[in-house]
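Fair warning: this is a prediction, and the values are worked out from it, not measured in the lab.
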Amino acid sequence: MFFKKKKGKTPKTSKRKVVPNMKPIEELRTNKDIAEWCRDFFRVTDSLCPDGCSEKSILVRPERNLLMALTTVLVEWMPRKDLSINSLFLLLSHAEKEDARNYKPPLDFLFEQIETGYRYSGTTIDGHPKAVPSLFCRNSDARCPAKEKGLEPVEDFALQCYQSVRQLSYADYTVIVSSLTSRLIDFKYLREAEPAAEAPAGTRWVPSDAPDYGFDDNDDDIPAFSFPEA
């Protein structure tokens with residue numbers, strides 16, 4: 001009489017899938033770093049949406065472009081110490097837009113410094129905003145928009161990503177800002193709740209069923225980023 005060998009119990013494994021080579025946000029340096037980080041950011045936050053938020057939204061590309069634009073601003077145009085999730089929250093808070101003709105959200109003026117080489121400081125005798133040279137200089141190559149009378153979108157990744165966001169209607173713009181704010185909250189929660197034992201140092205996880213778009217972060221609690229001062 002033959003007996004089948006009793007199989008041992010298969011150890012339970014987590015449904016989480018570790019994604020290797022995900023850099024913490026403060027280690028991002030290149031456009032490729034930024035694009036990959038934003039891709040994985042969406043994969044992680046989509047895991048909380050049972051119906052696949054991004055797959056069903058026609059605004060996912062502008063929303064991802066907004067995230068890449070904001071992240072690039074931090075990487076390229078702000079002091080290194082301000083590269084954090086908290087700083088992304090602060091930048092996004094300046095994206096609030098009113099449904100009024102010719103109204104510009106504060107975030108637009110930040111990108112205009114790169115695009116025109118000027119910023120507004122004080123007022124003229126007539127009471128109009130006074131344009132003065134921007135103090136921005138890009139971290140990677142020290143190019144200063146004020147010295148070059150501004151940069152074109154093809155010359156700057158942040159501007160290039162922000163172009164599609166500028167073209168949105170008020171309603172669509174409000175949707176992506178609200179959605180991205182929710183994603184940042186989710187991402188910060190997920191990162192803080194992540195079990196350290198399940199992933200090697202320097203890696204982050206995404207669920208195994210998360211969509212792959214083909215296209216982290218261990219930040220300091222910095223309350224705000226710093227604009228260059230005169």
Side-chain angles (χ1 to χ4, degrees), residues 25 28 31 34-35 38 41 57-79 82-124 126-140 143-185 222-230:
I25 191 171
L28 303 182
N31 294 344
I34 294 165
C38 292
F41 172 94
S57 174
I58 61 173
L59 295 175
V60 63
R61 289 189 181 276
E63 185 180 353
R64 187 174 60 191
N65 285 344
L66 177 59
L67 177 62
M68 288 196 292
L70 299 182
T71 307
T72 305
V73 165
L74 292 177
V75 171
E76 287 282 30
W77 298 100
M78 299 295 167
D82 294 332
L83 186 50
S84 71
I85 290 294
N86 287 343
S87 295
L88 275 178
F89 271 113
L90 185 58
L91 275 180
L92 194 57
S93 72
H94 290 289
E96 296 179 1
K97 192 173 185 178
E98 294 181 6
D99 190 11
R101 181 170 296 190
N102 298 326
Y103 176 83
K104 287 185 179 181
L107 191 61
D108 272 13
F109 292 102
L110 187 149
F111 284 97
E112 284 186 0
Q113 288 196 54
I114 305 171
E115 194 171 30
T116 67
Y118 289 95
R119 63 187 175 92
Y120 293 105
S121 178
T123 58
T124 63
D126 300 330
H128 298 295
K130 183 179 180 181
V132 299
S134 170
L135 300 177
F136 276 177
C137 284
R138 197 157 59 190
N139 293 326
S140 60
R143 290 184 68 177
C144 302
K147 295 179 180 179
E148 302 184 35
K149 296 183 179 179
L151 301 179
E152 296 291 334
V154 294
E155 298 177 290
D156 186 76
F157 191 52
L159 278 179
Q160 195 171 30
C161 292
Y162 197 61
Q163 283 296 91
S164 67
V165 178
R166 279 176 169 169
Q167 308 304 319
L168 294 175
S169 66
Y170 168 75
D172 288 345
Y173 181 89
T174 303
V175 168
I176 69 167
V177 170
S178 175
S179 175
L180 188 53
T181 301
S182 298
R183 286 181 184 274
L184 282 170
I185 293 170
I222 301 172
F225 60 87
S226 307
F227 282 102
E229 297 179 357

So Leu151 and Arg138, side-chain contact (heavy atoms from CB on, under 4.5 Å) or not? Walk me through it. CA-CA 11 Å; Leu151 301 179; Arg138 197 157 59 190; 3.9 Å; yes

Thr181: side-chain hydrogen bond (donor to acceptor under 3.5 Å, both in side chains) partners, not counting sequence neighbours: none

If you take all heavy atoms of Leu83 and Ile25, which pair is closest and at what distance? CD2-O, 3.1 Å

Closest approach of Ser134 and Ala146, non-hydrogen atoms and distance? O-CB, 3.4 Å

Which heavy atom of Pro145 sits nearest a heavy atom of Ile114, and at what distance? CB-O, 3.5 Å

Residues pairing under salt bridge (Lys or Arg N to Asp or Glu O under 4.0 Å) where one sits in residues 158-171, two or more places apart or in two chains, turn out to be Glu115-Arg166

Excluding sequence neighbours, so at least two apart, what forms side-chain hydrogen bond (donor to acceptor under 3.5 Å, both in side chains) with Thr71? none

Sequence-distant partners of Phe109, side chain to side chain contact (heavy atoms under 4.5 Å, CB included), two or more places apart: Lys104, Glu112, Tyr120

Output the distance between atom OG (Ser84) and atom CG (Leu74), rounded to the nearest 0.5 Å. 7.0 Å

Under the rule for ring pair (Phe, Tyr, Trp, His ring centres under 6.0 Å), what residues qualify as partners of Tyr118, not counting sequence neighbours? none

Before accepting this row, confirm whether a basic side-chain N of the pair Asp156/Arg143 lies closer than 4.0 Å to the acidic partner's carboxylate O. no

Between Pro62 and Leu168, the two heavy atoms sitting closest are CB-CD1, 3.9 Å

Are the side chain of Asn139 and the backbone N or O of Val75 linked by a donor-acceptor pair below 3.5 Å? yes

Applying side chain to side chain contact (heavy atoms under 4.5 Å, CB included) to Ala95 and not counting sequence neighbours gives Leu92, Leu107, Tyr173, Val177

I need the minimum non-hydrogen distance between Leu135 and Gln113, along with the two atoms involved. N-OE1, 4.4 Å

Measuring from Leu59:CG to Ile176:CD1, what's the distance to the nearest 0.5 Å? 7.0 Å

Checking Pro106 now: which residues fulfil side chain to side chain contact (heavy atoms under 4.5 Å, CB included) with it, not counting sequence neighbours? His94, Tyr103

Using the side-chain hydrogen bond (donor to acceptor under 3.5 Å, both in side chains) criterion, which residues pair with Asp108? Sequence neighbours excluded. Tyr162

Here the gap from Arg64 atom CZ to Cys38 atom SG, rounded to the nearest 0.5 Å, amounts to 8.5 Å

Let's go through Phe41 and Leu180 carefully: what are the C-alpha distance in whole Å and the side-chain angles of both, what is the deciding distance for side-chain contact (heavy atoms from CB on, under 4.5 Å) to 0.1 Å, and is it a yes or a no? CA-CA 11 Å; Phe41 172 94; Leu180 188 53; 4.0 Å; yes

Could you report the tightest heavy-atom contact between Leu159 and Pro153, atom names first, then the distance? CB-CA, 3.8 Å

Check each of Met78, Arg119, Glu76 against Phe136 using the side chain to side chain contact (heavy atoms under 4.5 Å, CB included) test, and report the only one that passes. Met78

Who are the salt bridge (Lys or Arg N to Asp or Glu O under 4.0 Å) partners of Glu152, not counting sequence neighbours? none

Measure the CZ-CG distance between Phe157 and Asn31 for me, rounded to the nearest 0.5 Å. 5.0 Å

Got a second to check how far Leu70's CG is from Phe89's CZ, nearest 0.5 Å? 12.0 Å

Test of understanding: with side chain to side chain contact (heavy atoms under 4.5 Å, CB included), list the residues that count as partners of Thr123, not counting sequence neighbours. none

Could you pull out all residues at least two apart from Thr174 that satisfy side-chain hydrogen bond (donor to acceptor under 3.5 Å, both in side chains)? none

Can you name the salt bridge (Lys or Arg N to Asp or Glu O under 4.0 Å) partners of Glu96, sequence neighbours left out? none

Less than 4.5 Å apart, any side-chain heavy atom of Leu110 and any of Leu91? yes

